[in-house]
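Below is one structure, written out as C-alpha cells; the observations come after it.
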Amino acid sequence: MINISEDNRRPGVFWAHLESGAKRPATKNLIPGTTVYNEQIISKKSQEYRIWDPYRSKLSAALLRGLEAFAFTPKLSVLYLGASSGTTASHVSDLIGSGGRVYCIEFAPRVMRDLVQVCATRKNMIPILADARYPESYVLIPELVDILYQDVAQPNQAKILVQNAKRFLKPGGTAYVSVKARSIDVAAKPSRIFDREEKTLKKSGFTVVDRISLDPFSADHIFLSAIFGER
Ligand SMILES: C[S@@+](CC[C@H](N)C(=O)[O-])C[C@H]1O[C@@H](n2cnc3c(N)ncnc32)[C@H](O)[C@@H]1O
C-alpha cells in the first residue's frame, strides 16, 4: 500500500511512501480522473494525488534532492519556458490551483500539440508557441509573474533567463533554472559551466539562494533558485 503524507514546509507538496521504501513527491490532482503523462494516481479519503516522477521532471528531482526555496503557492502566476508536453507544468498547475496561471512557452510544434490538449483540460495553463530567446514575441502576456521557471536545454541558459526576467518577473520574484552542462559545452568541466551560469545571474541582479545537483535523476544538471532584484 502507498501512504501519502503532507510536506509541512512546502504547501501543496505531498510525499508518496512507496512499498519499496522509496518516497516520491506528489501533488493533489486539480482535475480528478485525468492523468497527463500516465503518472500513477493514488486516491486517499476522496482526494486524488498524482505521483511526480523525478526522472521526468527536474522540479520533482530538486524536491527529492532537498530544494528549500520552494515558492509555488495557490493563485500565483508562473512563466514556464520550455514546457514541452506539460509534464512538470501540470504539477505546477496543481500547486497554484484554479486561481493561478502558468504561461507555457514552447517552440517545438510537435510537443505543442500535446501541450494544447493538456491546457484544454487545465484552464490555468496557457499554451504559447514561441521561442524563449525572443521574449519580445510574447509581450501579449498581460502581467508580471511571481515565478519564472526555465528548462530549455539551450546554450546561454542564464542569459535567456535574465532577458525574460527583465521583461516579465516581478521584483522579488523567484526564478528557477535547470542547467544542463552538455547543452552549453560538451568539452568543459560541468562545475565550471555551472559557476559561469551562476555568475551571469548574480551580475544581472539575482541573488542565488539554492544550487542543487540533480544526479542521479538527470546527470550533469544543476537546479538554481534565485530571487530577482529587491526582496
Ligand atoms: C527538457 S525539455 C522540457 C521538459 C519540461 N520542462 C518538463 O519538465 O516537463 C526542453 C523543452 O524546451 C523546449 N525548448 C528548447 N529551446 C527552446 C526555446 N528557445 N524556446 C522555447 N522552447 C524551447 C524544447 O522543445 C523541449 O520541449
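Using a cutoff of 4.0 Å between basic side-chain nitrogens and carboxylate oxygens, Asp195 and Lys202 are not scored as salt-bridged. Salt bridge annotation for Arg56-Asp53: absent, with no cationic side-chain nitrogen under 4.0 angstrom from a carboxylate oxygen.
Aromatic ring pairs are classed by plane angle as parallel below 30°, tilted from 30° to 60° and perpendicular above 60°; the pair Phe217 and Tyr55 is perpendicular. Tyr37 and His91 have perpendicular rings, their planes meeting at more than 60° on a 0 to 90° scale where under 30° would count as parallel.
Counting only distance, with no hydrogens or angles, the side chain of Arg65 and the backbone of Ser213 share a donor-acceptor pair below 3.5 Å. Side-chain atoms of Glu106 come within 3.5 Å of backbone atoms of Ser84 as a donor-acceptor pair (strictly under, hydrogens ignored). Gln150 places no side-chain N or O within donor-acceptor distance of the main-chain N or O of Val177, the cut-off being under 3.5 Å.
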Atom pairs and distances, donor-acceptor, side-chain atoms in residues 94-105, under 3.5 Å, two or more places apart:
unit_1 : atom_1 : unit_2 : atom_2 : d
Asp94  : OD1    : Leu30  : N      : 3.0
Asp94  : OD1    : Arg122 : NH1    : 2.7
Asp94  : OD1    : Arg122 : NH2    : 3.2
Asp94  : OD2    : Thr27  : OG1    : 2.7
Asp94  : OD2    : Arg50  : NH1    : 2.7
Arg101 : NE     : Glu143 : OE2    : 2.5
Arg101 : NH1    : Gly99  : O      : 3.4
Arg101 : NH2    : Glu143 : OE1    : 3.0
Arg101 : NH2    : Glu143 : OE2    : 3.4
Tyr103 : OH     : Glu143 : OE2    : 2.5

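Residues Leu144 and Leu169 fail the side-chain proximity criterion, which asks for heavy atoms closer than 4.5 Å. A 4.5 Å side-chain heavy-atom check between Phe206 and Leu224 finds every atom pair outside the cut-off.
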query: So Val152 and Phe107, side-chain contact (heavy atoms from CB on, under 4.5 Å) or not? Walk me through it.
result: CA-CA 10 Å; Val152 291; Phe107 77 170; over 6 Å; no
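Counting only N and O atoms by type, the side chains of Asn164 and Tyr138 include a donor and acceptor under 3.5 Å apart.
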